[in-house]
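What you see below is based on every heavy atom in this structure, not just the backbone, and it leaves out hydrogens, waters and symmetry mates. Counting from 1, the numbers follow the sequence of the chain as shown. Order of listing sets the numbers, starting from 1, for every ligand and every atom in it.
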Amino acid sequence: MSDDAALLALLRVLEACFSSGGPPPHTLGLCKDHPEWGGHDKVFGLCKSLQAREYVSLKQKEKTLWLLTAEGERYAAEGTPEFKLLCWMQEHHEAQGHDVTSLKAAFGADTDVALSNAMKLGWLKMDKGTKRIQPKDQGTQGDPKIADLGSKALQTIREWHVKDAETDEDTEQQLHDMLRKVDASKQPDRFLQELKKRKLVETKKLKFCSVERAEKFQVELKKPLADLDAKVIASGSWKHQELKPYNFFARGTRLRRGAIHPLMAVQKQFKHVLTAMGFEEMDTNQYVDPSFWCFDSLFMPQQHPARDVQDTFFIKSPEYANGALMEKDYIARVKEMHERGGQGSIGWQYDWSLDESLKNIMRTHTTSVSARMLYQMGQEYKKTGVFTPKKLFSIDRVFRNETLDATHLAEFHQVEGVVAGRGLSLGHLMGVMNTFYKAIGIEKLKFKPAFNPYTEPSMEIFGFHPGLSRWIEVGNSGVFRPEMLLPMDLPPDVTVIAWGLSLERPTMIKYGISNIRELFGSKALLGGV
Ligand code: FB9
């Protein structure tokens, strides 16, 4: 039956109810009298629809229903286990009584609950010496002298529930009266609670409503005019039609539109925090770098495992950077520092190769950009004799030849903060990181000594995440080595502190993403987060 047909049928029935002068009809009775309308939920919906047209007014009501559980249905159909056990024991009479083991073997899984309830009901007695059990009253087969009132009570509740679900009256008192007839020795409400405790019955709240005539009630479905177009206005037909009230609270059509990528949302937050801390953003739009800036300028020896193909993407063409574009004196100072050290360092004591340093790679960290910036600061100092302290940051893609898994891709976005100034120490570094991480929601930090090839000392950073309620690794940090800074011609008392983290890890935590692949490609969770 279509909704309009059902609505018209309902209107006719309501017309008859309202005209009869009787009590207002309710959805339970309407549903019982008209099963063809598709059940109570459907009838409830039809009445709501008539209420929206101001044809009727609805009064929401609620009642508690008692109904049988699956176990209760079984006991109502087959009898309670305690009654069945009593009958079995009377049929299999043993003068000495029965031991529990033989009862379990003969009676099965229900034995424990049967014994416990039969003892409570006083149907059985146990010999204190032998622990053997037998019926107090040895009835005869077919006449156990005892009635299975539990099962009868369940049958009563089951039959009552069918009627109860169709009336709007509060029928619990009538149910009590019927249970008194089953077992006058029990208080009905206690009887019900006992059955509920044994999970044989349960209660359910039933919501329904009474239906009363409203101002615009009529036994026809006039569709209020929803769209006023030129034709309707010109013809004047709108004058004879009901206009649908304007719903100022209707939600607008959800527009399919773009969404800020989660990574970009977090990047924006981090940039805001770092800028507010006085950091300037470095120019990081060069993904391909000569190994020199990623490794050699950071005093990373050319044998370092991070420079293997297992960890780094080498560019096939052009395989080498143009060395002529780089300042020869600086390269010579880097070569000297790697081979023989100087100014207190013994260097790495190997034959440093220019060709190796000119191999082009996908940058493995944005620290290569930090190195370029620090070198420029050194050149500025050399030229002007003035050193200007700086706070710099970078957030951009870096590339690692990693084994891919749920938390690692061949690239990630590195966040790096760098502070160059005279006499900076680990204490300054801890202070800067406390400020930064507090601003992104990590109030408590712990620092663990670590090793980085280009910083000494170095620290792993751990933060207590309030949402995860546990400590997590939140980055790495350190003081750039003098062997990295001195070849840049920076003043000898200038130290540089730095720290790094990723964008992906905080983003995955923030948006509850467990697989990093959900952040990229066609599966990226854009509108969903
Ligand atoms: O981001 C990381 N964890 C993290 C960061 C922020 C965060 O925010 C909270 C919700 C608010 C939560 C977690 N990590 C660094 C730690 C781990 O995820 C780690 O397993 C993965 N690390 C990456 C390296 O993977 C190859 C994250 C990435 C990382 C590690 C170190 C640096 C940069 C990125 C660095 C550095 C550095 C050190 C010294 C000087 C200059 C730069």
For [X], the ligand 1 atoms whose distance to one of its heavy atoms is below 4.0 Å:
X      : result
Arg400 : 26 (C)
Glu402 : 26 (C)
Ile509 : 12 (C)

Please write down residue, atom name and distance for the protein heavy atom closest to [atom].
atom                    : result
atom 17 (C) of ligand 1 : Glu473 O, 4.0 Å
atom 7 (C) of ligand 1  : Pro506 CB, 3.5 Å
atom 28 (C) of ligand 1 : Ser502 CB, 3.7 Å
atom 24 (C) of ligand 1 : Phe412 CZ, 4.0 Å
atom 5 (C) of ligand 1  : Val474 O, 3.4 Å
atom 42 (C) of ligand 1 : Glu416 OE1, 3.4 Å
atom 35 (C) of ligand 1 : Gly500 CA, 3.5 Å
atom 11 (C) of ligand 1 : Ile440 O, 3.4 Å

Could you label the plane-to-plane angle of the Tyr330 and Phe292 rings as parallel, tilted or perpendicular, counting under 30° as parallel and over 60° as perpendicular? perpendicular
Which one holds for [X] and ligand 1: side chain close, backbone close, both close, or neither close, with close meaning a heavy atom under 4.0 Å?
X      : answer
His465 : side chain
Asn452 : side chain
Ile472 : side chain
Asn476 : both

Ser477 to ligand 1, any heavy atom closer than 4.0 Å: yes
Heavy atom of Glu504, distance to ligand 1 below 4.0 Å: no
Show your reasoning for whether side chain to side chain contact (heavy atoms under 4.5 Å, CB included) applies to Leu67 and Glu202. CA-CA 6 Å; Leu67 58 159; Glu202 60 190 358; 4.0 Å; yes
Does Lys444 make a cation-pi contact with Phe464, if we ask for NZ or CZ under 6.0 Å from the ring centre and within 45° of the axis? yes
Hey, does the side chain of [X] reach the backbone of [Y] with a donor-acceptor pair shorter than 3.5 angstrom?
X      : Y      : answer
Ser49  : Gly45  : no
Gln349 : Ile346 : yes
Asp229 : Val232 : yes

Heavy atom of protein inside 4.0 Å of atom 21 (C) of ligand 1, strictly below: no
Taking atom 30 (C) of ligand 1 as the reference point, report whether a protein heavy atom occurs under 4.0 Å from it. no
Does a side-chain N-to-carboxylate-O contact under 4.0 Å join Glu194 and Arg198? no
Ionic contact status for Glu411 with Arg397, cut-off 4.0 Å: yes
Indicate yes or no: at least one non-hydrogen side-chain atom of Asp296 is less than 4.5 angstrom from one of Glu356. no
Minimum side-chain heavy-atom gap Ile472-Phe462 below 4.5 Å: no
Would you list the pairs meeting side-chain hydrogen bond (donor to acceptor under 3.5 Å, both in side chains) in which at least one residue belongs to residues 418-439, sequence neighbours left out? Arg422-Asp493, Ser425-His428
If you compare all heavy atoms of Met508 against all heavy atoms of Ala406, which two are closest, and at what distance to 0.1 Å? CE-O, 4.0 Å
